[in-house]
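Bear in mind that the values here come from a model prediction, so they are computed numbers and not experimental data.
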Amino acid sequence: MRLACLALALGSLHALSAMCPPPGPTLCRVARSEVVFLGRAVEAYPHSQKHAAKIWRPRLTRKNRPANWNDNFIPSQTTRFEVLEGFRGVSSKYVVLHTKMESHIGYIFEQGATYLVFAYRDESNGVLDTSGCGRTQPITGDNPDLTTIRQIFAETKRGRLYGYATTDRTQFLFEFERPVEPVPNVRLTLTSPTLTLERT
């Protein structure tokens with residue numbers, strides 16, 4: 001058996017797609033994200049999905065298409081966030097994300113709204129991005145994911161170990177694979193130079 005923390009997660013309701021796997025633990029998404037923060041979208045271009053449609057509609061007619069037009073083109077959005085709470089990978093007051101405006105591969109932000117953002121760095125260009133299948137979501141009131149993250153990053157002298165036991169023997173567990181069910185009643189022993197803990 002091996003301990004695994006799988007980042008299988010859903011995005012916000014407006015970004016749901018049939019391609020997204022079932023949701024997983026919030027803490028696993030935190031572990032797999034390079035940047036995690038609560039922020040307000042102070043500048044977004046396009047400002048919204050409706051604004052994007054208005055911008056790109058004229059280009060969808062063949063008469064106005066550029067010579068290098070790609071029929072699979074997906075408009076992108078550049079969003080500048082004011083960081084209200086930085087949890088991971090945030091070193092300044094503002095963060096910029098470049099996202100595709102397509103639900104299952106990107107995320108659409110509304111200018112002026114507040115979001116809990118889980119972001120990763122695109123290996124091809126180094127910019128921060130997020131996914132509609134991630135846990136990025138608008139925040140309008142009490143939110144269990146935000147509460148959990150605040151607890152995870154609260155200052156404490158105690159350590160935390162998260163995960164579950166599985167019979168999967170694959171060396172690498174990919175983010176969008178459906179995992180096997182956790183094995184019940186596994187006895188774990190954790191040791192350190194000063195104490196030993198046992199948990200089921």
Side-chain angles (χ1 to χ4, degrees), residues 5-17 19-56 70 72-140 143-154 162 172-177:
C5 187
L6 302 180
L8 295 174
L10 284 175
S12 63
L13 292 178
H14 82 279
L16 292 181
S17 166
M19 298 183 68
C20 292
T26 304
L27 58 94
C28 290
R29 174 55 63 184
V30 171
R32 295 248 181 160
S33 300
E34 294 180 60
V35 174
V36 182
F37 66 91
L38 176 69
R40 185 170 63 91
V42 292
E43 296 176 28
Y45 188 83
H47 307 321
S48 64
Q49 189 172 20
K50 184 177 180 180
H51 185 210
K54 182 179 180 180
I55 292 172
W56 294 107
N70 182 347
N72 295 321
F73 172 78
I74 299 172
S76 61
Q77 182 182 46
T78 299
T79 309
R80 183 170 182 255
F81 288 90
E82 177 187 8
V83 177
L84 304 177
E85 293 182 60
F87 301 108
R88 165 171 283 181
V90 178
S91 58
S92 63
K93 185 178 179 180
Y94 294 95
V95 171
V96 176
L97 264 69
H98 301 274
T99 57
K100 295 290 187 182
M101 301 187 78
E102 164 89 350
S103 61
H104 66 278
I105 62 172
Y107 196 93
I108 304 168
F109 295 102
E110 297 282 335
Q111 184 169 292
T114 299
Y115 293 86
L116 176 59
V117 178
F118 299 84
Y120 57 89
R121 201 165 296 281
D122 190 319
E123 294 181 0
S124 64
N125 54 28
V127 301
L128 284 176
D129 200 350
T130 191
S131 167
C133 285
R135 260 194 139 87
T136 293
Q137 58 194 279
I139 301 295
T140 56
N143 181 280
D145 282 351
L146 182 57
T147 299
T148 298
I149 291 170
R150 284 172 172 160
Q151 291 172 349
I152 291 173
F153 287 95
Y162 301 103
F172 301 104
L173 296 175
F174 294 100
E175 184 172 350
F176 294 108
E177 283 185 338

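Each of R80, Q77, H47 was evaluated against Q111; a single residue qualifies, H47, per the side chain to side chain contact (heavy atoms under 4.5 Å, CB included) test.
The NZ atom of K100 lies 9.0 Å from the CG atom of D122; values are rounded to the nearest 0.5 Å. Between T148 atom OG1 and N143 atom CG the span is 8.5 Å, to the nearest 0.5 Å. One distance of note links CD of E82 with OG of S92; it measures 11.5 Å at 0.5 Å rounding. Within the model, atoms CD of E43 and OH of Y94 stand 8.5 Å from one another, a figure rounded to the nearest 0.5 Å. With rounding to the nearest 0.5 Å, the separation of OG1 in T114 from CG in L146 is 10.5 Å.
Using a 4.5 Å heavy-atom threshold, the side chains of E34 and R88 count as separate. Contact check for V83 versus L38: no side-chain heavy atoms found under the 4.5 Å cut-off. For the pair L97/Y107, no side-chain contact is recorded, criterion being any heavy-atom separation below 4.5 Å from C-beta on. For the pair F81/Y115, a side-chain contact is recorded, criterion being any heavy-atom separation below 4.5 Å from C-beta on. In this structure, the side chains of L116 and I149 come closer than 4.5 Å at one or more pairs of heavy atoms. Residues Q137 and D145 form a side-chain contact, since some pair of their non-hydrogen atoms from C-beta on lies under 4.5 Å apart. Counting heavy atoms from C-beta on, the side chains of V90 and V35 come closer than 4.5 Å.
Ring-plane geometry between F87 and F153 is classed as tilted, the angle between the planes lying from 30 to 60 degrees on a 0 to 90 degree scale.
Here the shortest heavy-atom pairing between S48 and I108 reads C-CG2, 4.3 Å. Nearest approach of P46 to S76, heavy atoms of both residues: CD-O, 3.4 Å.
The closest side-chain donor-acceptor pair between T130 and T136 falls under 3.5 angstrom.
We find that R121 and D129 are not joined by a salt bridge, their nearest charged nitrogen and carboxylate oxygen being 4.0 Å or further apart.
Between F37 and F118, the gap from one ring centroid to the other reaches at least 6.0 Å.
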